[in-house]
Amino acid sequence: MERSDLGRGEFDTSIGALARRLAAAPAASSVLYYCGYALEFNGRSFLLPASASIARDYDVLTQGIIAKSLVDSLIRGNESRGFILLDVFRTPAASSTAALGGLAEQIRPSNFAVIGASNDGASEGPTAASLALRDQAAEGETSLDLFAGGIHRRLAKAAAVTAHFIPAMPRPPAEVAARPEAPPSPAPAASTAIAVPPPLPPPPPEPTILASPAAPPSRATMADEDQMSEQDRRRVQALLATMGYYSGRIDGTFGPETRAAIRRYQFEIKADLTGRLNAEQATRLVNSAR
């Protein structure tokens, strides 16, 4: 699949289509290559669709796509293996060059290797990542793990590029060696029968005191946002801020910044981006922090 200059909705649709193709072909190998802008905000890396217009840093919460979400959408429930190559540039207005600086902390190892290439130079001509991908492919047939590792080694030597690498988890062994059977016990030697008195009856067992099972932790229940108290609204804002979605005041007022943060959370849980929390979503939010 090849897509260019995607808007936010087109980006989401393309990733969803690729994830469905992977789910339908669990034995397939997959490669995803992204080349474009990226920003880091509150310790999270965001990929920016072509339609994004970032006037303030926290605009990425409503217009960007979390790099971790992209990876999660491909590995969730899929047995296929592959790698993801993120070839990113900082936006001209950004002061930081480490758009993927926290990638290793954000993404856990899975059946996909993840390679990040943060370009510090101008976005003109072939990038170091695209050249590494081309040169590694020219070496001929190899395993996915060796292929991804080779790209990372090439990027580590490139100038004006900061490389990040999360290798794929090793494939589990196809077979488990059978446990050797114990040798048969030797047959007892012949002996003269000797009368043996019957054994004494065993003593009565000690009374057993069963421990009471621990009560499961209580699960908080939230109402629709229209029925929330001010304390509940502040709690929602604080949790959204902890997750990196909200950077405004914790005042219990759901203004435009809170609505944007709610839409970012709804995108994370694959819900409709309404900007309003229903009871199920609010309950899931408060219990996810426990």
Side-chain angles (χ1 to χ4, degrees), residues 1-40 44-52 60 63-89 99-100 102-104 106-119 123 126-139 141-155 158 161-169 171 267-268 270:
M1 300 168 58
E2 183 177 354
R3 303 288 186 271
S4 299
D5 299 329
L6 298 180
R8 171 59 187 272
E10 297 169 318
F11 200 120
D12 292 340
T13 300
S14 297
I15 296 302
L18 179 58
R20 288 191 294 273
R21 289 180 62 178
L22 286 177
S29 299
S30 175
V31 173
L32 186 147
Y33 172 69
Y34 167 85
C35 184
Y37 290 120
L39 276 178
E40 192 169 80
R44 293 190 175 200
S45 298
F46 292 82
L47 308 178
L48 302 183
S51 58
V60 299
Q63 301 185 50
I65 295 175
I66 299 178
K68 179 180 181 299
S69 298
L70 181 147
V71 177
D72 289 346
S73 65
L74 296 186
I75 66 176
R76 186 178 293 116
N78 292 329
E79 299 178 3
S80 56
R81 294 174 64 84
F83 69 89
I84 297 170
L85 177 56
L86 304 177
D87 190 5
V88 306
F89 297 84
L100 301 176
L103 197 66
Q106 299 161 28
I107 299 176
R108 296 182 178 179
S110 66
N111 48 338
F112 275 72
V114 180
I115 309 166
S118 298
N119 297 277
S123 54
T127 64
S130 65
L131 294 176
L133 181 60
R134 181 202 64 185
D135 294 343
Q136 189 64 32
E139 291 195 357
E141 186 176 354
T142 183
S143 70
L144 277 169
D145 293 336
L146 293 176
F147 194 96
I151 292 177
H152 176 246
R153 286 192 297 273
R154 293 175 187 275
L155 287 174
V161 174
T162 303
H164 316 271
F165 184 49
I166 304 169
M169 293 188 300
R171 186 186 297 274
F267 174 77
E268 182 82 9
K270 309 298 183 185

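Throughout, residue positions are numbered sequentially from 1 according to the sequence presented.
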Chemist: Of the non-hydrogen atoms in V88 and A38, which two are nearest, and what is the gap between them?
Modeler: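 Answer, listing the atom of V88 first, then A38: CB-CB, 3.6 Å.
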Chemist: How close do P49 and G64 get, heavy atom to heavy atom, and via which atoms?
Modeler: CD-CA, 4.3 Å
Chemist: Where do S14 and M1 come nearest, in terms of heavy atoms and distance?
Modeler: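 Here S14 and M1 meet closest at O-CE, 3.7 Å.
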Chemist: First locate atom CG of D87, then atom CG of L133, and finally report the distance between them rounded to the nearest 0.5 Å.
Modeler: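 Taking CG in D87 and CG in L133, the distance rounds to 9.5 Å.
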Chemist: Which pair of non-hydrogen atoms, one from V161 and one from A117, has the smallest distance, and what is that distance?
Modeler: CG1-CB, 4.0 Å
Chemist: Please report the interatomic distance SG(C35) to CG(N119), rounded to the nearest 0.5 Å.
Modeler: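 CG of N119 is found 7.5 Å from SG of C35.
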Chemist: Identify the two heavy atoms, one from A52 and one from Q63, that lie closest to each other, and give their separation to 0.1 Å.
Modeler: CA-OE1, 3.2 Å
Chemist: How many angstroms lie between CZ in F11 and CG in L48, if you round to the nearest 0.5 Å?
Modeler: 9.5 Å
Chemist: Going from NE2 on H164 to CD1 on I107, what distance comes out if it is rounded to the nearest 0.5 angstrom?
Modeler: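 Reported to 0.5 Å precision, the distance equals 10.5 Å.
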Chemist: Taking F83 as the fixed residue, which of F165, Y34, F147 is the one that meets the ring-ring contact (aromatic ring centres under 6.0 Å, His included) rule?
Modeler: F147
Chemist: Just how far is it from atom OG1 of T127 to atom OH of Y33, taken to the nearest 0.5 Å?
Modeler: 3.5 Å
Chemist: Checking side chain to side chain contact (heavy atoms under 4.5 Å, CB included) for the pair F112/L22: CA distance, chi angles, key distance, verdict?
Modeler: CA-CA 12 Å; F112 275 72; L22 286 177; 3.9 Å; yes
Chemist: How many angstroms lie between atom CG of L32 and atom CD1 of I15, to the nearest 0.5 angstrom?
Modeler: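 Interatomic distance, L32 CG to I15 CD1, rounded to 0.5 Å: 5.0 Å.
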